[in-house]
Amino acid sequence: MDDITIDVLIIGAGPSGSVAAAHLFNQGLSIKVVEKSKFPRFVIGESLIPRCMDHFDEVGLLDAIKQADFEVKTGARFIKGDAVCEFDFKEKFTKGWDWTWQLPRADFDKLLTDELERKGVDITFENEVVDVVFDSDGTSKTTVKNKDGEQYSIHAKFIIDSSGYGRVLPRLLDLDKPSSLGKHASLFTHVKDTNRPEGKEGTLITFDIINTESWLWVIPFSNGNTSIGFVGPIDFIESFKGTPSERFNEMLKLSDHYAERFKDSPLLFEPKEIKNYSKAVKQLYGKGYALTGNSAEFLDPVFSSGVTFATESALLASKLIVKELNNEQVDWEVDYSDYIKSGVSVFSTYVKEWYTGNLQTLFFHQPENKANKEQICAVLAGYVWDKSNPFVSKHDRLVKSLAYLIAMEEGRDAQSK
């Protein structure tokens, strides 16, 4: 096969790669997207948050998504026993989108690539990157293997690694490092939602808390199916024995809210399990490349941040590449790494404090503090770069401090009774 010479190679055609490709194509650069899988393909990350709507809108993909009639997501509900905390994205501190979607990722990702190909973007599926060599000036030679085992080379001025869980450049360049988050596992599937209630209850995304560290997600889709998954410490997930379906059905009995609704719902595929899914890297960029989305960092699914970090980092990296290729000065450490890490740090705090129970204390405390709830809601909507929000600027101590004050208050109330 003939070698290819382009401006930018994008590895991976998921939401991160699609947003990067859309922006660079719109700017007139020569690009190629190489994707190992054949679309549609199953992947988790089915709940979006409003911040990513800005990205799809900016690169011209939003209208195509709207036409797909995915289930609209206007907030999220958290349940713990009899306690319920519901967030409405309309009632958030930071201005921005107050809705998004919950959707089957196989359909969503295929929609994005179909729209890009319709516009003329060069996407090659079932091709795998097997080697990358960088020159001192950042230009690169990437070896790609097609589905027939034939190899060819792509010469590029820059590479965006949007390969998600494939983590191509982190593997090839030894960039992986251990995540600071706890080791958890997930067991999940899709079901035919035969007992779906009418109205809002039937469409609401919910996180049902089994215990402080273990919870169930329920994500209804507009096609009548629902995604259900359990998350918890590895030893908890593996304490259930039998086939994946038997384990899943036993775990479902732990949910007072959903056991009855889903007990007879047909599983659409054998439940899948993943372990130790939180990932981190030594650096987010290097001479001639940038890591975006799950290729760089993946936190935890509890707040649905995955796609938003994927598209935020993809759009920002693409903008900086355009500037660099136009011989403008770019400080990748400040303009990219520091910026993305600041958002990751905020969400990391919320993930950690969720599993300590401190954030759950804030969620379910009564009476609600309206101002605090609106500020937390802005974080859950993905606006984690708004430093005017105290739950962003003081994230590393505010959640913990408020949870402590609530515990002290409840202790005093208990003593006075």
Side-chain angles (χ1 to χ4, degrees), residues 44-51 71-93 98-102 181-182 184 186 188 197 200-220 226-233 236 251-252 254-259 261-262 299-306 308 346-384 391 395 398-400 402-403 406-407 410:
I44 57 173
E46 300 148 328
S47 167
L48 310 185
I49 53 178
R51 171 59 180 163
E71 191 67 57
V72 171
K73 174 184 173 184
T74 59
R77 177 174 64 179
F78 296 83
I79 297 176
K80 191 172 187 178
D82 295 329
V84 178
C85 175
E86 188 171 340
F87 289 94
D88 185 337
F89 292 139
K90 292 188 181 71
E91 299 173 0
K92 66 182 183 303
F93 176 81
D98 55 22
W99 65 277
T100 183
W101 290 286
Q102 50 211 46
L181 297 176
H184 289 82
S186 179
F188 53 89
K200 182 180 178 181
E201 177 63 31
T203 62
L204 192 60
I205 181 171
T206 301
F207 301 85
D208 187 8
I209 302 165
I210 307 301
N211 56 54
T212 301
E213 283 197 79
S214 305
W215 51 276
L216 161 71
W217 79 61
V218 175
I219 308 175
T226 291
S227 172
I228 307 179
F230 289 89
V231 174
F236 170 77
M251 296 173 75
L252 191 57
L254 299 174
S255 173
D256 293 335
H257 194 83
Y258 284 110
R261 172 172 162 182
F262 293 116
L299 300 178
D300 188 277
V302 65
F303 299 125
S304 307
S305 62
T308 287
V346 174
F347 258 119
S348 292
T349 290
Y350 281 73
V351 171
K352 290 174 182 176
E353 296 297 355
W354 172 264
Y355 286 115
T356 65
N358 286 332
L359 191 58
Q360 297 177 38
T361 296
L362 268 61
F363 278 18
F364 298 107
H365 178 63
Q366 294 293 328
E368 290 182 347
N369 182 305
K370 187 174 185 296
N372 287 351
K373 189 172 183 181
E374 289 176 350
Q375 291 162 5
I376 292 173
C377 187
V379 172
L380 301 187
Y383 293 95
V384 291
F391 277 85
H395 66 92
L398 189 55
V399 173
K400 187 179 299 183
L402 286 178
I406 289 171
E410 291 175 346

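For the numbers below, each heavy atom of this structure counts, side chains included, while hydrogens, waters and symmetry mates do not. The first residue in the sequence is number 1, and the count goes up from there.
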Non-hydrogen atoms of [X] and [Y] that approach each other most closely:
X      : Y      : value
Gly232 : Phe236 : CA-CD2, 4.4 Å
Ala259 : Leu252 : CB-O, 3.4 Å
Arg261 : Thr226 : NH2-OG1, 4.3 Å
Glu353 : Val399 : CB-CG1, 3.8 Å
Pro220 : Gln102 : O-NE2, 3.1 Å
Ser47  : Ile219 : CB-CD1, 4.0 Å

Do [X] and [Y] have side-chain heavy atoms sitting under 4.5 Å apart?
X      : Y      : value
Leu380 : Ile49  : no
Tyr355 : Trp215 : yes
His257 : Val218 : no
Lys73  : Ser304 : yes
Cys377 : Phe93  : no
Ser255 : Phe262 : no

[X]: ring-ring contact (aromatic ring centres under 6.0 Å, His included) partners, not counting sequence neighbours:
X      : value
Phe391 : none
Phe364 : none
Phe363 : Phe78, Phe87, Trp354

| Exceeds 12 heavy-atom contacts within 6.0 angstrom, atom CG of Asp256 |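 Atom CG in Asp256 is not packed in, count stays at 12 or less.
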| More than 12 non-hydrogen atoms from neighbouring residues, nucleotides or ligands closer than 6.0 Å to NZ on Lys400, yes or no? |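 Not more than 12 within 6.0 Å, no.
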Please report the interatomic distance [atom1]([X]) to [atom2]([Y]), rounded to the nearest 0.5 Å.
X      : Y      : atom1 : atom2 : result
Asp88  : Asp98  : CG    : CG    : 7.5 Å
Leu48  : Thr308 : CG    : OG1   : 7.0 Å
Met251 : Leu216 : CE    : CG    : 8.5 Å
Ile376 : Leu359 : CD1   : CG    : 6.0 Å
His184 : Ser214 : NE2   : OG    : 7.0 Å

| said: Check whether Gln360 reaches the backbone of Thr212 with its side chain - one donor and one acceptor, N or O, closer than 3.5 Å. | reply: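 The answer is yes, because a donor-acceptor pair under 3.5 Å joins these two groups.
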Contacts of [X] that satisfy side-chain hydrogen bond (donor to acceptor under 3.5 Å, both in side chains) - sequence neighbours left out:
X      : result
Thr100 : none
Trp101 : none
Glu46  : His190, Ser227
Tyr258 : Arg77, Thr206

| Contacts of type salt bridge (Lys or Arg N to Asp or Glu O under 4.0 Å), residue Lys90, not counting sequence neighbours |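 Checked Lys90 against salt bridge (Lys or Arg N to Asp or Glu O under 4.0 Å); zero matches.
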| By salt bridge (Lys or Arg N to Asp or Glu O under 4.0 Å) - contacts of Glu213 (at least two apart) |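 By the salt bridge (Lys or Arg N to Asp or Glu O under 4.0 Å) rule, Glu213 matches no residue at all.
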| said: Taking side-chain contact (heavy atoms from CB on, under 4.5 Å) as the definition, give me every residue that meets it alongside His395, ordered by chain and number, with sequence neighbours left out. | reply: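 Scan of His395 (side-chain contact (heavy atoms from CB on, under 4.5 Å), adjacent residues dropped) gives Ser345, Val346, Thr349, Tyr350.
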| said: Considering only residues two or more places apart or on different chains, which pairs with a residue in residues 370-379 satisfy side chain to side chain donor-acceptor pair (under 3.5 Å)? | reply: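 Non-adjacent pairs meeting side chain to side chain donor-acceptor pair (under 3.5 Å): Glu368-Lys373, Lys370-Glu374.
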